[in-house]
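Take a look at the structure below.
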2 protein chains.
Amino acid sequence: MTETIEAPGSVTAMERGSGVALWRQIADRIRQGIAEGTFEEGGRLPPEIALAERFGVNRHTVRGAIAALVQEGVLRAEQGRGTFVQHAPRISYALGRYTRFSANLQGQVRETKGRLLASAVVPADSRTAGALGLDAGASVLRLDTLSEADGHPVSRATSWFDAIRFSGMEDAYAKTGSITAAFARCGIDDYMRRSTVVSARHADATVLADLSLSAGAIVLVTVAINEDPEGRAIQFSETLFAADRVELVVAEGL
Amino acid sequence: MTETIEAPGSVTAMERGSGVALWRQIADRIRQGIAEGTFEEGGRLPPEIALAERFGVNRHTVRGAIAALVQEGVLRAEQGRGTFVQHAPRISYALGRYTRFSANLQGQVRETKGRLLASAVVPADSRTAGALGLDAGASVLRLDTLSEADGHPVSRATSWFDAIRFSGMEDAYAKTGSITAAFARCGIDDYMRRSTVVSARHADATVLADLSLSAGAIVLVTVAINEDPEGRAIQFSETLFAADRVELVVAEGL
DNA sequence: ACGAATTTGTGCGTATGTATT
DNA sequence: CAATACATACGCACAAATTCG
């Protein structure tokens with residue numbers, strides 16, 4: 001039963017004809033290697049020939065992967081010197097009873113910004129109505145928002161609110177760039193997280209563009225309900241985080 | 001500022017020459033459509049020609065996507081009748097202070113099973129040593145395990161334990177298929193979750209094989225520390241969940 | 001029972017993208 | 001940069017199974 005375990009830097013064959021180009025698979029593995037510490041943050045990547053041998057592909061293919069990662073800002077190539085891993089640590093986003101975007105990133109980034117992408121009053125679908133405790137088909141205000149940290153997009157959220165109770169939300173958010181501040185203008189001075197469900201999937205074309213990601217990128221998805229101090233649901237939201245830039249920390253206490 | 005919002009079934013152009021094959025992008029969107037309710041669970045998918053038109057591709061390309069999803073068990077195609085969405089709800093896995101695999105899936109699946117893939121005693125790397133409160137290079141027992149629900153693989157975990165304190169763990173786990181039971185045999189009757197960090201990435205070739213996933217599949221990753229009632233770290237683990245089959249629920253209470 | 005319409009399954013020729021040498 | 005091999009995507013045509021009037 002006790003077998004050998006693969007060495008950390010082991011050679012795993014790339015899959016051809018899998019629908020994902022080899023250069024992209026290799027780009028993913030290099031990105032992953034940086035996240036896991038196989039390739040040192042801020043350090044130099046092994047030379048292209050060594051990487052080609054390790055991944056079992058041609059040097060041209062490795063160059064394609066590196067070019068894509070340079071484009072993304074993950075790597076920086078210097079002629080004659082080598083290819084270097086850009087320093088860009090993952091942001092930790094805490095999930096708990098008290099979850100607020102700006103407060104969450106305090107100390108990790110210099111400044112945060114929220115931007116309103118779109119808003120509309122629409123009839124609630126069954127999922128939204130159920131979450132907010134409204135009748136199916138009731139009018140809800142939908143806000144599409146983008147959150148940035150130090151100028152880099154971090155997450156894209158779609159939130160739904162009772163259109164009657166929170167009629168001024170879209171303007172309040174557009175002015176302040178903060179859900180917490182917008183709630184305050186609607187008379188909600190405090191709120192808590194009732195539930196959070198986490199999943200992951202590939203980003204679709206719209207999200208890729210909004211979050212400045214390249215095709216095939218992954219988003220962490222949180223579906224959450226916020227409630228006021230009286231326990232009434234006030235916000236239902238689906239937030240998409242760029243999985244390359246964010247990790248979610250489950251906060252037990254609070 | 002208040003703009004129009006895309007209709008739910010809107011046509012978003014697929015990206016050609018992005019390193020990800022069109023059929024795979026479309027497979028992802030169909031899978032996502034099922035998750036979001038655009039395509040009814042248990043219902044019939046629109047005919048291939050309609051899907052081809054909606055996604056702006058050839059019918060062959062749609063067929064490639066459908067073939068991949070049939071292979072995964074997401075769809076079922078019948079000549080002359082149509083293509084149907086297989087009923088396979090996502091498993092909810094709760095993350096909280098009291099997190100145990102079998103108890104977690106109670107009521108959602110009929111039976112759970114744990115299998116030991118490999119074990120080895122290795123020197124601790126800095127991350128593992130830090131998590132377990134050991135000196136760097138101390139001997140740790142590493143277990144690679146696979147957890148199944150109703151015969152389908154759900155997660156693949158790598159766990160590290162103090163090799164001295166938990167010398168019998170590998171046999172205990174191999175016999176019982178349960179970390180909780182294996183701990184009990186080592187004199188640990190109770191334990192709690194100290195911390196959990198969630199991220200997501202593409203599965204590598206080894207994990208694809210272990211979890212019976214197809215290339216390009218996503219895994220939800222939890223990195224966690226368990227501690228005994230005295231607050232000493234006893235287990236450091238990295239668990240990879242098949243993102244298509246599992247969602248993580250953040251449990252506030254408990 | 002029959003044929004028309006619908007839907008999935010299959011074949012082939014061509015153009016382009018990807019990867020190696 | 002060129003030559004080569006394979007994967008991907010398209011367009012057209014037709015076969016096979018099912019449904020329905």
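This is a predicted model, so every value here is computed, not measured. Within every chain, numbering begins at 1; the chains are lettered A, B, ... in the order of the sequence lines, protein sequences first and strands thereafter.
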B/T222 side chain to B/T196 side chain, donor-acceptor N/O pair below 3.5 angstrom:
no
Contact residues, residues 59-69 of chain B to DNA chain D [heavy atom, < 4.0 Å]:
B/R59, B/H60, B/T61
Please say whether more than 12 non-hydrogen atoms of neighbouring residues, nucleotides or ligands are located less than 6.0 Å from CZ in A/R63.
no
Do B/R90 and B/E247 sit within salt-bridge range, that is, some charged N less than 4.0 Å from a carboxylate O?
no
Of the nucleotides C/dT18, D/dC10, C/dT8, which has the atom closest to the B/P47 side chain?
C/dT8
D/dA9 phosphate, OP1 or OP2: any side-chain N/O from B/N58 under 4.0 angstrom?
no
Atom CG of B/L51 and atom P of C/dG9 are separated, to the nearest Å, by 13 Å
Would you mind reading off the distance between B/W23 atom CH2 and C/dG17 atom P, rounded to a whole angstrom?
19 Å
Below 3.5 Å, can you tabulate the donor-acceptor pairs from side chains in residues 145-155 of chain A to any protein atom, sequence neighbours excluded?
| from | atom 1 | to | atom 2 | distance (Å) |
| --- | --- | --- | --- | --- |
| A/D150 | OD1 | A/R110 | N | 2.9 |
| A/D150 | OD1 | A/E111 | N | 2.9 |
| A/D150 | OD2 | A/R110 | N | 3.3 |

Can you give one letter per nucleotide of nucleotides 16-21 of chain D, going 5' to 3': B for a protein heavy atom under 4.0 Å from the base, S for sugar-phosphate only, - for none?
BBSS--
Compare the minimum distances between each of C/dA19, D/dA9, D/dG11 and the side chain of A/L22, then state the nucleotide with the smallest one.
C/dA19
Does B/L143 reach the side chain of B/Y173, with side-chain heavy atoms less than 4.5 Å apart?
yes
CA sep, side-chain torsions, deciding dist, call: B/Q108, B/S92, side-chain contact (heavy atoms from CB on, under 4.5 Å):
CA-CA 8 Å; B/Q108 299 188 66; B/S92 292; 3.8 Å; yes
Whole-Å distance separating the CD atom of B/E48 from the P atom of D/dA15
18 Å
B/R24 atom CZ is separated from D/dA9 atom P, nearest whole Å, by 11 Å
Is there a donor in the side chain of B/N58 and an acceptor in the side chain of B/T61, or the other way round, less than 3.5 Å apart?
no
Heavy atoms of other groups near A/E40 CD, more than 12 under 6.0 Å
no
With a 4.0 Å cut-off, would you call B/D28 and A/R201 a salt bridge?
no
Protein-nucleotide distance (B/I49, atom CD1; D/dC12, atom P), rounded to Å
13 Å
Rounded to the nearest Å, what distance is computed from the CD atom of residue B/E53 to the C1' atom of nucleotide C/dT7?
16 Å
